[in-house]
There are 2 protein chains.
Amino acid sequence: MTVSRAFKRDSSVSRETRDAVLRASEDLGYVFDSTAASLRSQRTDFVAVTIPSLNNANFADTVRALSEGLSARGLQILLGYTNYDIHEEERLIEQLLRRRPEAIVVTGGKHTDRARQLLRNAGIPVIETWDWPDEPLGHVVGFSNAQSVREMVDHFVTAGYRRIAFIGGDDDRDTRGVERRAGFIAAMKAHGLDASRLIAAGAPPISMREGADAMGRLLDSAPDTEAVICVSDLPAFGALSECQRRSIRVPDQMAIGGFGDYEIGAVCVPSLTTINAFAYDIGRKAAELILAIRDGKPNVDAPARIVIHPELILRQSSR
Amino acid sequence: MTVSRAFKRDSSVSRETRDAVLRASEDLGYVFDSTAASLRSQRTDFVAVTIPSLNNANFADTVRALSEGLSARGLQILLGYTNYDIHEEERLIEQLLRRRPEAIVVTGGKHTDRARQLLRNAGIPVIETWDWPDEPLGHVVGFSNAQSVREMVDHFVTAGYRRIAFIGGDDDRDTRGVERRAGFIAAMKAHGLDASRLIAAGAPPISMREGADAMGRLLDSAPDTEAVICVSDLPAFGALSECQRRSIRVPDQMAIGGFGDYEIGAVCVPSLTTINAFAYDIGRKAAELILAIRDGKPNVDAPARIVIHPELILRQSSR
DNA sequence: ACACGAAATGTTATCGATAACATAAACAGC
DNA sequence: GCTGTTTATGTTATCGATAACATTTCGTGT
């Protein structure tokens with residue numbers, strides 16, 4: 001017991017005893033066993049996190065913020081990777097819950113029925129992010145992807161663009177991408193414009209290369225297009241590069257809008273008009289929420305609805 | 001026991017019994033407790049992985065490959081994030097080892113003495129990656145960063161460039177960056193060239209923005225520079241963008257080389273000469289090694305030395 | 001019907017830290 | 001010195017799945 005107390009800096013163990021214990025541990029090569037501690041104390045200090053893809057600077061920012069916020073309080077992130085597939089997500093959630101995390105942060109608000117069931121029964125805080133679900137499972141730190149893109153369309157129309165295309169994924173696996181496309185279509189129709197210039201660029205996540213290819217096809221099939229909105233900055237940059245290869249001037253002959261405010265959009269020439277979804281803030285606020293619930297703050301009984309307000313950033317790739 | 005066996009698909013439990021158990025579990029909302037299983041069986045199915053930064057497509061590729069390779073066999077990755085600091089790495093390794101992972105994959109070959117001690121005493125396979133350590137702790141899946149950059153310098157010199165600069169970090173935290181700079185200096189000296197054009201771009205990881213700033217300072221202070229080699233493709237792209245802003249033609253007036261073969265280098269205009277370090281392969285081979293050791297393959301008694309051969313990729317940003 | 005081996009199910013003790021409780025040591029005050 | 005209180009250390013049972021071993025059930029051959 002004294003060893004146990006010494007390791008968790010319990011005040012009731014004297015300074016000398018603690019130092020002696022730690023010194024002896026070092027000599028013996030003893031390493032504390034969190035597995036046993038977790039089993040007995042029923043506290044694992046794990047927080048489970050699912051993201052669609054590791055190779056995405058936006059999600060990586062969210063995870064970084066979570067990691068920074070939680071590790072300061074001794075919480076470890078258990079990261080899983082759904083590959084933009086809600087069935088894969090279901091399997092993953094089941095695996096993760098077996099580790100008895102103290103909270104779970106999921107990306108998106110669309111899940112299989114069984115995944116919803118598992119999350120609801122888990123008895124731990126559930127936080128949905130990067131989305132604004134109709135029927136949240138618990139807490140939410142997110143925003144409406146459709147609404148964000150609608151604002152960009154509104155801006156483009158106000159700036160005088162009429163023949164606007166959308167470059168996105170070619171299946172419905174990326175639910176945030178689907179939402180963004182839906183927002184594009186709704187906004188175009190609201191303006192009485194043709195919303196049929198939809199270019200399928202590939203399976204999510206859409207890469208720069210796929211964005212470039214899609215732009216090539218768009219230019220071939222509908223050369224009178226005046227502007228294009230992309231599901232993220234990565235295909236947007238690819239589209240920009242294709243314009244450069246074809247000596248099409250941006251924004252004079254073609255305006256381009258992205259999503260996510262990736263670093264590349266700020267640095268490239270011309271820089272990219274985009275939407276900043278505050279990926280880091282999403283993770284930071286989710287971490288703060290988890291810690292607040294853990295500390296039993298009285299005002300966290302009701303599920304939190306933390307709204308992120310994505311910001312339209314106007315840069316050189318559009319008028 | 002029957003429940004336990006049913007859950008791990010033990011052949012000695014009959015099909016009907018197993019189905020009945022699983023059905024009942026679903027009804028009751030039972031979730032298997034991996035913590036207890038880990039404690040008793042002394043198998044956690046965790047593999048610990050430390051990387052400097054999550055927000056780096058190269059390391060993300062390595063982790064993705066590890067994740068894909070290991071999850072197929074039921075192994076979960078426990079990811080930690082050192083922020084390019086070996087003291088942070090030490091703390092992280094200590095935390096991770098408490099979870100009793102079955103193997104640990106670390107990025108880099110430089111560690112604190114205590115970290116080395118902890119890793120050696122852990123009694124699990126240790127794999128160092130992305131480096132070629134003088135005194136490996138165990139297994140290695142990596143390459144010499146210095147040697148890779150030396151080859152790029154050799155190519156640049158052969159192509160006729162003489163006044164070549166290097167853009168890298170301004171401290172020694174990123175040990176791979178330090179190695180690359182050392183390779184640059186050694187190669188320049190071997191050619192009898194001036195190796196003093198070293199531009200410090202900031203703290204690692206060096207961003208595109210910092211690469212652009214560094215290029216600006218280089219152009220101001222040493223306008224006769226003919227070529228620049230960057231510690232990664234991200235500052236290399238930033239440098240390229242700065243040249244575009246200043247209407248400096250690449251590669252005619254300035255050649256640029258990067259490192260890492262990030263997607264952006266292949267897509268941007270002009271595309272970037274770079275070095276492909278096969279990030280995904282590093283993770284894949286590390287995963288294969290872990291599985292082979294786990295299966296007790298007879299030929300894995302000696303520590304593995306798996307050499308990755310980074311490939312110089314010549315593109316439009318250099319002659 | 002019986003024996004016998006294989007298949008299926010059951011019992012008990014255990015992994016290692018810790019909650020809950022018990023006790024000992026140290027330090028007051030009078 | 002004695003009592004009361006604080007501070008420090010010790011004991012025991014426990015978390016839940018499973019290794020090792022034990023027992024029962026089942027199928028087959030005779």
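Lettering follows sequence order; numbering is per chain, from 1.
Under the 3.5 Å distance criterion, with hydrogens and angles disregarded, no donor-acceptor pair is assigned to the side chains of A/Ser38 and A/Thr35. Inspection of the A/Arg176 and A/Asn145 side chains reveals no N or O donor paired with an N or O acceptor under 3.5 Å. Residues B/His111 and B/Glu90 bring no donor and acceptor atom of their side chains to less than 3.5 Å of each other.
Across all strands shown, B/Ser12 has heavy atoms under 4.0 Å from base atoms, whether or not it also approaches the sugar-phosphate. Within the nucleic acid shown, B/Thr17 comes within 4.0 Å of sugar-phosphate atoms alone, with no base atom in reach, counting heavy atoms only.
Distance B/Arg15 CZ to C/dA7 C1': 16 Å, rounded to the nearest Å. Straight-line distance from the CZ atom of A/Arg99 to the P atom of D/dC15: 22 Å, rounded to whole Å. For the pair A/Arg18 CZ and D/dT7 P, the interatomic distance rounds to 17 Å; values are reported in whole Å. Rounded to an integer number of Å, the gap from CG of A/Leu39 to P of D/dA13 is 18 Å. One can place CZ of A/Arg5 at 11 Å from C1' of D/dT7, the figure rounded to the nearest angstrom. For A/Arg40 and C/dT14, the CZ to P distance is 18 Å, given to the nearest whole Å.
Taking only side-chain nitrogens and oxygens, A/Ser4 comes nearer than 4.0 Å to OP1 or OP2 of C/dT18. Between A/Gln42 and D/dT14, a side-chain N or O to OP1/OP2 separation shorter than 4.0 Å is absent.
Shortest non-hydrogen contact noted between B/Ser53 and B/Pro205 is OG-CG, 4.4 Å. Nearest heavy-atom pair across A/Leu92 and A/Tyr81 is CD2-N, 3.0 Å.
For the segment residues 19-36 of chain B, residues with any heavy atom less than 4.0 angstrom from an atom of DNA chain D are, sorted by number, B/Tyr30, B/Phe32, B/Asp33, B/Ala36.
Here D/dT18 is the nucleotide among D/dA8, C/dT9, D/dT18 with the atom lying nearest to any side-chain atom of B/Lys8. For B/Met1, the listed nucleotide lying nearest its side chain is C/dT11; candidates were C/dT11, C/dC15, C/dA20.
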Protein N or O to nucleotides 25-28 of chain C N or O, pairs below 3.5 Å:
none

Nucleotide N/O to protein N/O under 3.5 Å, stretch nucleotides 25-27 of chain D:
none

Would you check, one step at a time, whether the test side-chain contact (heavy atoms from CB on, under 4.5 Å) holds for A/Thr62 with A/Val49? CA-CA 10 Å; A/Thr62 298; A/Val49 179; over 6 Å; no
Check the pair B/Leu234, B/Ile206 against side-chain contact (heavy atoms from CB on, under 4.5 Å), reporting the backbone distance first and the verdict last. CA-CA 7 Å; B/Leu234 304 184; B/Ile206 313 296; over 6 Å; no
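Cation-pi check for A/Arg99 over B/Phe46 is met; the charged atom lies under 6.0 angstrom from the ring centroid and within 45 degrees of its normal.
Residues B/Arg114 and B/Glu94 are paired through a salt bridge, judged by an N-O separation under 4.0 Å between the basic side chain and the carboxylate. A salt bridge does not link A/Asp45 to A/Arg100: none of the charged side-chain nitrogens sits closer than 4.0 Å to a carboxylate oxygen. Under the 4.0 Å criterion applied to side-chain N and carboxylate O atoms, A/Asp295 and A/Arg73 are assigned as salt-bridge partners. The pair A/Asp113-A/Arg116 does not count as a salt bridge, with every side-chain nitrogen at least 4.0 angstrom from each carboxylate oxygen.
Not a single donor-acceptor contact under 3.5 angstrom links the side-chain atoms of A/Arg100 to the base of D/dG16.
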